[in-house]
Amino acid sequence: MDTVSPVAPPHQEASSPQLKITSAKTLAESTNLASIPSHYAFTTPTSGDQAVHPDHDDSIPVIDFSLLSSSNPDQRCKAVSDLAKACEDWGIFMLINHGVPESQMKATVDALMGFFDLTEERKNEFQGKHLLDPIIYGTSFRASVDKVFLWRDFLKMMVYPKFHCPPEPEGMSEVLAEYTGKLRKLARELLKGVSESLGLGPGYIDEAMNIDSSLQILAANLYPPCPQPELAVGLPSHSDIGLLTILMQNDISGLQVHHGGKWVKVDPIPNAFVVNTADQLEIMSNGKYKSALHRAIVNNKTTRISIPFSTGPSLDTVVVPAEQLVDGKHNQATDISMNYKEYMEFKQSTVLHKGLCPNQVKI
């Protein structure tokens with residue numbers, strides 16, 4: 001979720017003069033900015049694609065982690081059942097009572113906001129050259145080829161198996177190391193519940209996906225106020241590449257998920273995480289749990305920050321449907337076998353603003 005984080009080298013369109021790359025934050029803070037530059041304007045969505053407010057019967061599922069991790073078998077059984085329904089019906093849920101202290105969540109947000117407050121010169125030291133660079137800072141999506149820019153700045157860090165973090169602002173490395181350590185444990189417990197909900201036993205995903213060597217990425221997406229939010233896009237519709245994404249955000253709405261043929265707002269719940277299923281889980285579950293399609297919109301009043309933590313398999317793990325979920329007759333495995341690194345590179349080469357889902361890598 002909100003984890004799309006490509007390289008952003010200097011922009012050069014094929015048939016237009018070179019554009020100077022400016023961060024969305026710097027642009028938003030420009031004096032008397034009344035409208036967005038033309039290269040930030042997306043085509044206005046059709047009426048059928050407009051976001052709708054969730055009504056009482058169409059709200060995002062809520063999972064209580066304290067029940068999922070309970071030693072009471074009845075409580076855990078009910079929580080696993082609720083988790084299965086959330087993953088199958090929505091691909092996204094709010095996670096409450098997760099055990100990560102509010103103070104630690106706030107410290108993480110503050111530290112990452114501090115990074116975006118650094119000078120452009122210092123942030124640009126982390127402009128990446130390759131998808132698998134351990135730290136990448138940039139703006140938009142693929143600024144070297146995009147004709148339309150996103151109203152977003154981002155920072156992406158690989159935090160496991162080896163931890164990477166910019167040295168500034170002071171103290172950020174310690175804060176993020178502690179935070180990602182907590183989320184690594186949380187993700188592992190969630191995957192046990194997901195594995196059990198698929199009837200595979202709690203340890204199946206852990207072993208099959210080689211979670212001991214899991215590639216885990218922490219990203220931060222900054223969406224500053226936009227004078228014409230109806231024209232700009234924070235992140236276009238996309239699905240995430242890994243198994244699960246655990247998202248923290250400040251109390252500003254902007255995330256939307258595609259459900260039941262329409263876009264639904266994912267309004268923040270204080271101190272809750274948003275968790276969504278991702279591509280590798282769809283493949284591993286043989287399509288039972290779909291990778292959630294989601295997007296980020298912007299507003300004209302205040303800055304939104306989202307901080308997704310992505311858990312995937314190890315880079316060399318070949319993800320295939322679990323044998324128990326393939327009966328060979330009515331439920332055949334149809335995904336191309338490729339390791340996680342190859343999948344990442346494949347997806348990076350596609351046009352994500354069209355909303356890539358795993359069914360585009362079917363045989």
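The shown structure was predicted, so the numbers you read here are calculated from the model rather than taken from an experiment. In this chain, residues are counted from 1 in sequence order.
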[X] and [Y]: same hydrophobic cluster, using ILVMFWY side-chain contacts below 4.5 Å?
| X | Y | answer |
| --- | --- | --- |
| I252 | M94 | no |
| L218 | Y160 | no |
| F65 | L67 | no |
| L222 | M172 | yes |

Rounded distance (nearest 0.5 Å) linking atom [atom1] of [X] with atom [atom2] of [Y]:
| X | Y | atom1 | atom2 | result |
| --- | --- | --- | --- | --- |
| K265 | D267 | NZ | CG | 4.5 Å |
| E168 | F126 | CD | CZ | 7.5 Å |
| L215 | S310 | CG | OG | 7.0 Å |
| Y204 | L198 | OH | CG | 10.0 Å |
| M284 | T317 | CE | OG1 | 12.0 Å |
| K341 | L131 | NZ | CG | 9.5 Å |

When you compare the side chain of [Y] with that of [X], does any pair of heavy atoms fall below 4.5 Å?
| X | Y | answer |
| --- | --- | --- |
| H130 | E345 | yes |
| L176 | T108 | yes |
| R295 | L235 | no |
| P167 | S173 | no |
| T139 | R152 | no |
| T311 | L190 | no |
| E88 | S197 | no |
| S66 | Q75 | no |

Main chain of [Y], side chain of [X]: is a donor-acceptor contact present, judged purely on distance under 3.5 Å?
| X | Y | value |
| --- | --- | --- |
| Q228 | I36 | yes |
| D133 | I136 | no |
| W151 | Y223 | no |
| S195 | G201 | yes |
| N124 | Q127 | no |
| N250 | I305 | yes |
| N300 | P229 | no |
| K290 | T277 | no |
| S214 | S314 | no |
| H259 | G91 | no |

Look at [X] together with [Y] and state whether they make a salt bridge at an N to O cut-off of under 4.0 Å.
| X | Y | value |
| --- | --- | --- |
| D117 | K25 | yes |
| D206 | R188 | yes |
| K78 | D82 | yes |

Step by step, work out the side-chain contact (heavy atoms from CB on, under 4.5 Å) result for L255 and R304. CA-CA 10 Å; L255 176 64; R304 175 174 179 257; 3.6 Å; yes
If every non-hydrogen atom of [X] is compared with every non-hydrogen atom of [Y], which pair is closest and at what distance?
| X | Y | value |
| --- | --- | --- |
| R76 | S70 | CB-O, 4.0 Å |
| P61 | I92 | CD-O, 3.6 Å |
| L155 | P166 | CD1-CG, 4.1 Å |
| I60 | W90 | CD1-CZ3, 3.3 Å |
| K182 | P101 | NZ-CD, 3.8 Å |
| L83 | G193 | CD2-C, 3.5 Å |

Sequence neighbours excluded, the answer for ring-ring contact (aromatic ring centres under 6.0 Å, His included) partners of F115 is Y137
What pairs with K185 under salt bridge (Lys or Arg N to Asp or Glu O under 4.0 Å), at least two apart in sequence or on another chain? none
Crowded around Q104 CD? As in, over 12 foreign heavy atoms under 6.0 Å? yes
Around atom CD of Q324, are there more than 12 heavy atoms from other residues, nucleotides or ligands closer than 6.0 Å? yes
Does the pair L183 and F273 meet the rule for a side-chain contact (heavy atoms from CB on, under 4.5 Å), with working shown? CA-CA 10 Å; L183 261 63; F273 288 123; 3.9 Å; yes
Dump the intermediate steps for salt bridge (charged side-chain N to carboxylate O under 4.0 Å, His left out) on K192 and E189, then the final yes or no. CA-CA 5 Å; K192 288 180 181 178; E189 288 303 312; 3.3 Å; yes
Applying the side chain to side chain contact (heavy atoms under 4.5 Å, CB included) criterion to N276, which one of L293, L247, T245, V266 satisfies it? T245
From CA spacing to verdict: side-chain contact (heavy atoms from CB on, under 4.5 Å), F116, T303: CA-CA 12 Å; F116 289 113; T303 295; over 6 Å; no
Start with the C-alpha distance between V175 and D110, add both sets of side-chain angles, then the distance that settles side-chain contact (heavy atoms from CB on, under 4.5 Å), and finish with yes or no. CA-CA 10 Å; V175 169; D110 291 346; over 6 Å; no
Compute the centroid of each ring, for H258 and then for H294, and state whether the two points are separated by less than 6.0 Å.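 Ring centres of H294 and H258 not closer than 6.0 Å.
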